[in-house]
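Side-chain atoms are counted along with the backbone in the values below, which use heavy atoms only and exclude waters and symmetry mates. Proteins get letters first, then strands, A, B, ... in listed order; numbering begins at 1 in each.
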2 protein chains.
Amino acid sequence: MTNQLDSFFGAMADPTRRAVIEQLASGPASVSELHAPHQMALPTFMRHLRVLEDTGIVRSIKKGRVRTCHIEAAPLIEAQGWLAWQREIWESRLERLDALAKSIENFDD
Amino acid sequence: MTNQLDSFFGAMADPTRRAVIEQLASGPASVSELHAPHQMALPTFMRHLRVLEDTGIVRSIKKGRVRTCHIEAAPLIEAQGWLAWQREIWESRLERLDALAKSIENFDD
DNA sequence: AATATAGTTAGCTGCATTGCTAACTAAATA
DNA sequence: TATTTAGTTAGCAATGCAGCTAACTATATT
């Protein structure tokens, strides 16, 4: 019952992790480059990175002593799809309500 | 620095809460109706509802002894927008890379 | 060979979250 | 008026999460 969405939304709940996504959206980066903008200690930051990797949002390859990270599209697209789906349902419902309201208005004629 | 997105994604990280959203997408419901599909004790469930309300995803009105909940579009739309924005950035980057790859291919001519 | 750099592992702390039960209020129904 | 129903409040226990430091490995650089 526990969806992929669980870990995805959990991962995105943290501003540090969202910032990492934003940075990676414009291209791959090393751990140090990703860490630079953030105040926190490196091990703490690494934990955030690992959450993103465990969720499949980020992948990385280590070459020499540098680990390069890049974004993985699928989970973000899936989450976006879920939100779009929800939205579709409630918007179509609102349209029906709207149509109902209009049909009631017509009683005035 | 703590965005609206923080609490939104945090709220959506829980499957119970996502189920509530799914249920509410097809129309308003009372607390009992929302609680019915879930095993957990009512006070526990109420806490989930409150998280959703605090985040602004759900609103509710109490009439008599019944509290009726309904969905609030704005936060979901905002989150969807954030995801779409990220996607746009990395997709345009991938397109540029693709164009670059093609221009390199042309050296064969 | 010595040093600096990049990342990693282990382990501690404090706070938030998620579950529970018990006991309560307020409104509807019999 | 007594009882049932709907929701709420208070408080406890277990767990998870986010932060830290200290100490370590492996790769470049001088």
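Closest to the A:Pro43 side chain, of the nucleotides C:dT18, C:dT21, D:dA22, is D:dA22. Side chain of B:Ala41, nearest nucleotide from C:dT21, D:dC20, D:dA18: C:dT21.
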- Task: Assess whether side chain to side chain donor-acceptor pair (under 3.5 Å) is satisfied between B:Trp82 and A:Glu22, documenting all intermediate values.
- Result: CA-CA 10 Å; B:Trp82 186 84; A:Glu22 291 186 12; 3.0 Å; yes
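Formation of a donor-acceptor pair under 3.5 Å by the B:Glu33 side chain with backbone atoms of B:Ser30 is found in this model.
Rounded to an integer number of Å, the gap from A:Leu49 CG to D:dA18 C1' is 14 Å. Between the P atom of C:dT18 and the CE atom of B:Met46 lies a distance of 15 Å, rounded to the nearest Å. Residue A:Leu34 contributes atom CG, which lies 12 Å from atom P of C:dT8 at whole-angstrom precision. In this structure, B:Glu33 atom CD and D:dT5 atom C1' are separated by 14 Å, rounded to whole Å. For the pair B:Asp54 CG and C:dA16 P, the interatomic distance rounds to 14 Å; values are reported in whole Å. Separating the CZ atom of A:Arg50 from the P atom of C:dA10 is a distance of 10 Å, rounded to the nearest angstrom. Atom CZ of B:Phe45 and atom C1' of D:dT8 are 14 Å apart (whole Å). Between the CZ atom of B:Arg67 and the C1' atom of C:dA26 there is a distance of 13 Å, given to the nearest Å.
Comparing A:Gln39 and B:Lys62 by the nucleotide of DNA chain D whose heavy atom lies nearest to each, the residue mapping closer to the 5' end is B:Lys62. Where B:Leu42 and B:Arg47 each meet DNA chain C at their nearest nucleotide, the meeting point lying more 5' is that of B:Arg47.
Sorted by first and then second residue, the ring pair (Phe, Tyr, Trp, His ring centres under 6.0 Å) pairs with a member in residues 39-69 of chain A read A:His35-A:Phe45, A:His38-A:Phe45; sequence neighbours excluded.
Across all strands shown, A:Arg17 has heavy atoms under 4.0 Å from sugar-phosphate atoms exclusively, and none from any base. Within the nucleic acid shown, A:Ser30 comes within 4.0 Å of sugar-phosphate atoms alone, with no base atom in reach, counting heavy atoms only.
In this model, the phosphate group of D:dA18 is not approached by any side-chain N or O of A:Thr44 to a distance below 4.0 Å at OP1 or OP2. Here B:Arg65 does not reach the OP1 or OP2 of D:dT8: none of its side-chain N or O atoms lies under 4.0 Å away. Phosphate contact (OP1/OP2 of D:dG19, side-chain N/O of A:His48, threshold under 4.0 Å): present.
Scored by the side chain to side chain donor-acceptor pair (under 3.5 Å) test, A:Glu72 finds no partners at all (sequence neighbours excluded).
Minimum interatomic distance between B:Arg67 and B:Ser60 (heavy atoms only, all atoms of both residues): NH1-OG, 2.9 Å.
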